[in-house]
Engineer: 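Mind having a look at this structure? Questions to follow.
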Amino acid sequence: MTDIEKPTNFIQQIITADLEANRVSQVVTRFPPEPNGYLHIGHAKSICLNFGLAEQFGGHCNLRFDDTNPEKEEDEFVQAIIEDVRWLGFNWAGEPRFASDYYDQLYSWAIYLIEQGKAYICELNAEQMRDYRGTLTEAGKNSPYRERPAAESLELLEKMKIGAADEGSMTLRAKIDMASPNINMRDPVMYRIKKMPHHRTGDKWNIYPSYDFAHGQEDAIEGVSHSVCTLEFAANRPLYEWFAANLPLPSVPRQYEFGRLNLNYTMTSKRKLKQLVDEKHVDGWDDPRMPTLSGLRRRGVTAASVREFCNSLAVAKTDGVVDVAQFEHFIREDLNNNAMRAMCVLNPLKVTLSNYPVDQEELLSAAGHPNRGDLASRQLPFSRELYIDRDDFSLDSTLSRKKFKRLVLGDYVRLRGGYVISADDVVTDSSGEVVELICSYVPGTVGEDPPEGIRPRGVIHWVDANNCVDCDLYLYERLFNVPAPGAGEGSFVEQINPESLKIIRNAKAELGLGSAVVGEHYQFEREGYYCVDSKYSSSEKLVFNRTISLR
RNA sequence: UGGGGCGUCGCCAAGUGGUUAAGGCAUCGGGUUUUGAUCCCGACAUUCGGAGGUUCGACUCCUCCCGCCCCAGCCA
C-alpha cells in the first residue's frame, strides 16, 4: 500500500521557501469572516486551507471577525460562525479576534498618515468622488482637498470621530496616486462616517475603517505571516502593501490569493442566501437545502466529509466550477463507512404471512454495518404481519428477474436479515388498489440459503407491523435544478426547485430507530442516508431528514 | 482600447525543458454481494486555448493572437 502524496499547492511552496530562507519563523494564518451572514460551503474551503496550513507548518490560525461595517453585522452571525468553525473541527489560537479590537490602534495610524502628509480629509460627496476617480481607461483627478494642511485634516478627522460631521459629508483618504492604472490606488477611502451603533463597540465610534485600511493592519497586529484570501482581492494587494510600507507596523504580512470554491447547482452568495432566508423561501439559514454549514449539518452531512471534500480541492489561481457530484461523493463515502444500517419503509404495504403462527414473535439479529464488526448489531422483531414498500411489489409477474429484483405473485424474495418469502395472493379494496399481500415464509431461511429450487429474486427491506415506529421523512433534492442559479437574467427565486422538499408522513421505521438522536447518522438500507432533524423531531413525532440517497 | 489574473479529458486537477501527459469526480463495460449500495477489475487526452519560434528535445522558454474572470462601494 503506497501512500499517494498530495501534491503541494503554491501557497505551501511559498511557505516552505519562506521558512527555509528564514523570512518567517512562525507560520500564522487567519480565517477572517465578516459577521454579516452564515458560513457556507465556500467558506469551508478557506477554513480548511487556513487552519490546515497552520497545522501543517506547526503554526497557528486565528479566527478574526472583520467587523468594520456595523450596517450589516450582527452578534447572531458571530455566534453562528463560531459554532460552525468548531463543528468543522478546528481550534483557533486564543480567543476569537475582532477588527473592532483594533479600532483605537487604527485611528492612531490614521493620524500618523495625516501627519506624514499621506492622508487627508476629503469633502467630496460620493457622486463627486466617483467623477474624480476617472474610469478604467482614464486617469482620475486630484481632489481639491488633497493638499489641505495636516492640521486641518487632523481637526476634521476628530470632528468626524465625535459625530460632528454629517454622514457622507467627508472621508479620510490615503494620498496615493489618482492616475494609477490600478483604481484601488486612486486615493482610497480609509474612514467613512456611519452614525450607527456597532455590535461590539456600541456608540463609541461615528467613523469606521474601510476594508483596505483595516485588513492588512489587523494581520500585522496579529503577526499573521501569510494572509490568504480569494482572487478578487488581488487588485487590493498593492494597497495592502502600500499601508504596510507607510505605517510603523509590528510585522509585515504578505497577501496571497487563491481561487474560491464554486459549485454547480449551488448558490454561494451571502447576499442571495440572506434573501432566501429573509423572504422565507427556505426554513432559515439552517434549512437542510441551504449550502450553509448549519444547513449541511442539519441535513446530516458530516464535518469529516466536508473536510475531506475541501482537502481534495486544488488550491490554485484558477476559478473553476466544481461539480456538486464531487461533494456528494465525499458525503456518501463517509456515511457509507460509518453510518449505522437500519430499515425504514417509506410507503408501507401490509404483508401477512399466512403460514406463520398467529401469536409467534421472534427477534432476529442484524448487523449494524455490513463490514464494520465494531458497530453494534441490532434486534429486529419479526411476526406474522409486516410492512414492505409498495414499490417492492408488482402485479406484473412478467417482469424479468433481472429487471425487477423484487416481489411478484408466485415468486420469492429475501427479507433483508430475515426469511425468504413468496407472494401468494393480493387483497384489493373496492377501487382495485392492492392493500395487502398474502405471503408465505420459508422456514429455516434466516441466515441460511433457501432449499434447492427456491431462488429469491432479490433482497428487500421490511419492518414488523406490530413492532415498529412511525416517523416523518423529509426528502430533499437540490434547491436549484439549474447549473448556475442566479447567473443569467431573471431572479434566482424563480429557479428554486419546487420539488426540493417532499415530506413523507407516517413511514414505518424499525423499532430501534425509536431511540435515534440528533447527531447520529443512519443508512436506511436501499433508500439513503438519514438523520434526526434537530428542529422538528420530538418525542411525539420522530422526524428524519434524508441527507442523500444511495446511488 | 487601463490594470490584475487564468486557460491541460464532460468537471476538478498534477505536471516547475527529457514521464507511456498522474489522480479524483462523472460516464461506460465486467465480477462479487442477504442493500439494484459498498467493494473489485477494465475502458476513458497521440495531446496540453490557437498560430508561429527557440531547442537534439516544449504542457513546460519566447512572440503574437483568441477566450474567460476580477477592479471604477464612503461593501468585504
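The structure displayed is predicted, hence computed values, not measured ones. Naming convention: chains lettered A, B, ... in sequence-line order (proteins, then strands); numbering from 1 in each chain.
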Engineer: With sugar-phosphate meaning primed atoms plus P, OP1 and OP2, does A:Tyr191 contact a base, only sugar-phosphate, or nothing at under 4.0 Å between heavy atoms?
Structural biologist: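 Here A:Tyr191 touches no strand at all.
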Engineer: Below 4.0 angstrom, which residues in residues 32-48 of chain A have at least one non-hydrogen atom near RNA chain B?
Structural biologist: A:Glu34
Engineer: Which part of the nucleic acid does A:Leu231 contact within heavy-atom distance under 4.0 Å: base, sugar-phosphate only, or nothing?
Structural biologist: nothing
Engineer: Measure the distance from CD on A:Glu71 to C1' on B:rG73 and round it to the nearest whole Å.
Structural biologist: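 Nearest whole value for this atom pair: 11 Å.
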Engineer: Syn or anti: how is B:rG73 classified when any glycosidic angle within 90° of 0 counts as syn?
Structural biologist: syn
Engineer: Spell out, as yes or no, whether a donor-acceptor pair under 3.5 Å connects the side chain of A:Thr445 to the backbone of A:Tyr419.
Structural biologist: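 No; judged by distance alone, with no hydrogens or angles, the pair does not exist.
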Engineer: Any ring-ring contact (aromatic ring centres under 6.0 Å, His included) involving residues 326-345 of chain A? Give me the pairs, sequence neighbours left out, ordered by first then second residue.
Structural biologist: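 Those involving residues 326-345 of chain A are A:Phe309-A:Phe327.
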Engineer: Quick one: pull up CG in A:Leu239 and NE2 in A:His215 and give me the separation to the nearest 0.5 Å.
Structural biologist: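 Answer rounded to 0.5 Å: 12.5 Å.
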Engineer: Measuring only the P atom in each nucleotide, how far is B:rC75 from B:rC65? A whole number of Å is fine.
Structural biologist: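 Their P atoms lie roughly 39 Å apart.
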Engineer: Between A:Thr547 (side chain) and A:Val301 (backbone), is there a donor-acceptor pair under 3.5 Å?
Structural biologist: no
Engineer: Rounding to an integer number of angstrom, what distance separates B:rC41 and B:rA58 when you compare their P atoms?
Structural biologist: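 The answer is 36 Å between these two P atoms.
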Engineer: A:Asn206: what forms a side chain to side chain contact (heavy atoms under 4.5 Å, CB included) with it, not counting sequence neighbours?
Structural biologist: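 Side chain to side chain contact (heavy atoms under 4.5 Å, CB included) list for A:Asn206, sorted by chain: A:Lys195.
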Engineer: Any heavy-atom pair between the side chains of A:Ser46 and A:Asn50 that's under 4.5 Å?
Structural biologist: yes
Engineer: If B:rC6 has a Watson-Crick or G-U wobble mate with both distances under 3.5 Å, name it; if not, just say none.
Structural biologist: B:rG67
Engineer: Whole-Å distance between B:rC74 P and A:Arg186 CZ?
Structural biologist: 13 Å
Engineer: Are A:Tyr529 and A:Tyr522 close enough that some pair of their side-chain heavy atoms sits under 4.5 Å apart?
Structural biologist: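 No, too far: nothing below the 4.5 Å cut-off.
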Engineer: Distance between the C1' atoms of B:rC66 and B:rG52, in whole angstroms?
Structural biologist: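 To the nearest whole Å, 14 Å.
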Engineer: Could you give the CD-to-P distance, from A:Glu74 to B:rA76, as a whole number of Å?
Structural biologist: 16 Å
Engineer: Under 4.0 angstrom, heavy atoms only, what part of the nucleic acid is A:Met343 near: base, sugar-phosphate, or nothing?
Structural biologist: nothing
Engineer: State which residues pass ring pair (Phe, Tyr, Trp, His ring centres under 6.0 Å) with A:Phe243; sequence neighbours excluded, sorted by chain then number.
Structural biologist: A:Phe213
Engineer: Show the numbers, then the answer: is there a ring pair (Phe, Tyr, Trp, His ring centres under 6.0 Å) between A:Phe10 and A:Phe258?
Structural biologist: CA-CA 9 Å; A:Phe10 79 100; A:Phe258 73 99; 8.2 Å; no
Engineer: Please state the C1' separation for the pair B:rG7 and B:rU54 - nearest whole angstrom.
Structural biologist: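 Per the computed distance, 23 Å lies between those C1' atoms.
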Engineer: Partners of A:Glu20 by side chain to side chain contact (heavy atoms under 4.5 Å, CB included), sequence neighbours excluded?
Structural biologist: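 Once residues adjacent in sequence are excluded, the partners of A:Glu20 under the side chain to side chain contact (heavy atoms under 4.5 Å, CB included) criterion are A:Thr16.
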Engineer: In whole angstrom, give me the gap between the C1' atoms of B:rA26 and B:rA13.
Structural biologist: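 It works out to 14 Å between them.
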Engineer: Taking atom C1' of B:rC74 as reference, at what distance in whole Å does atom CG of A:Asp166 sit?
Structural biologist: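 Atom CG in A:Asp166 sits about 14 Å away from atom C1' in B:rC74.
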Engineer: Output yes when at least one side-chain N/O atom of A:Arg133 is less than 4.0 Å from OP1 or OP2 of B:rG73, else no.
Structural biologist: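 For A:Arg133, the contact criterion (side-chain N or O under 4.0 Å from OP1 or OP2 of B:rG73) is met.
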Engineer: Identify whether any heavy atom of A:Asn125 sits under 4.0 Å from a base atom; if not, whether one sits that close to sugar-phosphate; answer base, sugar-phosphate or nothing.
Structural biologist: base
Engineer: Mind checking side chain to side chain contact (heavy atoms under 4.5 Å, CB included) for A:Ala314 and listing every partner two or more places apart, or none if nothing turns up?
Structural biologist: none
Engineer: What nucleotide, of B:rA72, B:rG3, B:rC75, holds the atom closest to the side chain of A:Asn69?
Structural biologist: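 For A:Asn69, the side-chain atoms sit closest to B:rC75.
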Engineer: Tell me whether A:Arg260 is salt-bridged to A:Glu232, with the criterion being a basic N under 4.0 Å from an acidic carboxylate O.
Structural biologist: yes
Engineer: Just the rounded figure in Å: distance from P of B:rC74 to CE of A:Met196.
Structural biologist: 16 Å
Engineer: How many whole angstroms separate atom CD of A:Glu328 from atom P of B:rA26?
Structural biologist: 9 Å
Engineer: Examine B:rC75: is either OP1 or OP2 under 4.0 Å from a nitrogen or oxygen in the side chain of A:Lys194? Give yes or no.
Structural biologist: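 Checking A:Lys194 against B:rC75: at least one side-chain N or O falls below 4.0 Å of OP1 or OP2.
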Engineer: Please determine, for the side chain of A:Ala325, which listed nucleotide (B:rG2, B:rA76, B:rC25) has the closest atom?
Structural biologist: B:rC25
Engineer: Tell me what A:Ile207 touches on the nucleic acid: a base, only sugar-phosphate, or nothing, going by heavy atoms under 4.0 Å.
Structural biologist: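 Answer is nothing: A:Ile207 stays at 4.0 Å or more from every strand.
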Engineer: In this structure, how many angstroms lie between the C1' atom of B:rC11 and the NE2 atom of A:His329, rounded?
Structural biologist: 14 Å
Engineer: Check for a donor-acceptor pair, side chain of A:Lys194 on one end and backbone N or O of A:Glu71 on the other, with a separation under 3.5 Å.
Structural biologist: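 No; zero donor-acceptor contacts below 3.5 Å.
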Engineer: Please list, chain by chain and in numerical order, all residues satisfying side chain to side chain contact (heavy atoms under 4.5 Å, CB included) with A:Asp131, sequence neighbours excluded.
Structural biologist: none
Engineer: Under the ring pair (Phe, Tyr, Trp, His ring centres under 6.0 Å) test, which residues partner A:His369, sequence neighbours left out?
Structural biologist: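 Once residues adjacent in sequence are excluded, A:His369 has no partner under the ring pair (Phe, Tyr, Trp, His ring centres under 6.0 Å) criterion.
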Engineer: In whole angstroms, how far is the C1' atom of B:rC70 from the CG atom of A:Asn262?
Structural biologist: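 A:Asn262 atom CG is separated from B:rC70 atom C1' by 13 Å.
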Engineer: Going by number, which of residues 234-242 of chain A have a non-hydrogen atom under 4.0 Å from RNA chain B?
Structural biologist: A:Asn236
Engineer: At less than 4.0 Å, is any side-chain N or O atom of A:Thr68 found next to OP1 or OP2 of B:rA76? Yes or no.
Structural biologist: yes
Engineer: When you compare B:rA21 with B:rU47, how far apart are their P atoms, in angstrom units rounded to a whole number?
Structural biologist: 12 Å
Engineer: Considering only the C1' atoms, how many Å lie between B:rC48 and B:rU35, rounded to the nearest integer?
Structural biologist: 43 Å
Engineer: Show every side-chain hydrogen bond (donor to acceptor under 3.5 Å, both in side chains) that has at least one partner inside residues 449-460 of chain A, sequence neighbours left out.
Structural biologist: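 Applying side-chain hydrogen bond (donor to acceptor under 3.5 Å, both in side chains) to every pair that reaches into residues 449-460 of chain A, excluding sequence neighbours, yields A:Asp411-A:Arg457.
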Engineer: Identify, between A:Phe327 and A:Pro181, the residue whose nearest nucleotide on RNA chain B lies closer to the 5' end.
Structural biologist: A:Pro181
Engineer: Using a 4.0 Å heavy-atom cut-off, write out nucleotides 29-40 of chain B from 5' to 3' as B (base contacted by protein), S (sugar-phosphate only) or - (no contact).
Structural biologist: -----BBBSS--
Engineer: Using the C1' atom in both, what is the distance from B:rU55 to B:rC6, to the nearest Å?
Structural biologist: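 That atom pair is separated by 27 Å.
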Engineer: Any side-chain N or O of A:Arg192 less than 4.0 Å from the OP1 or OP2 oxygen of B:rA76?
Structural biologist: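 Yes, A:Arg192 has a side-chain N/O under 4.0 Å of OP1/OP2 on B:rA76.
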Engineer: Now, which nucleotide makes the Watson-Crick or G-U wobble pair with B:rA45, with each of the two distances under 3.5 Å?
Structural biologist: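 When the pairing criteria are applied, nothing turns out to pair with B:rA45, so the answer is none.
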Engineer: Produce a footprint string for nucleotides 12-19 of chain B: one letter per nucleotide, 5' end first; B if the base is under 4.0 Å from any protein heavy atom, S if only the sugar-phosphate is, - if neither.
Structural biologist: SSS-B---
Engineer: If you measure from the Lys or Arg side-chain nitrogens to the Asp or Glu carboxylate oxygens, is any gap between A:Asp101 and A:Arg64 under 4.0 Å?
Structural biologist: no
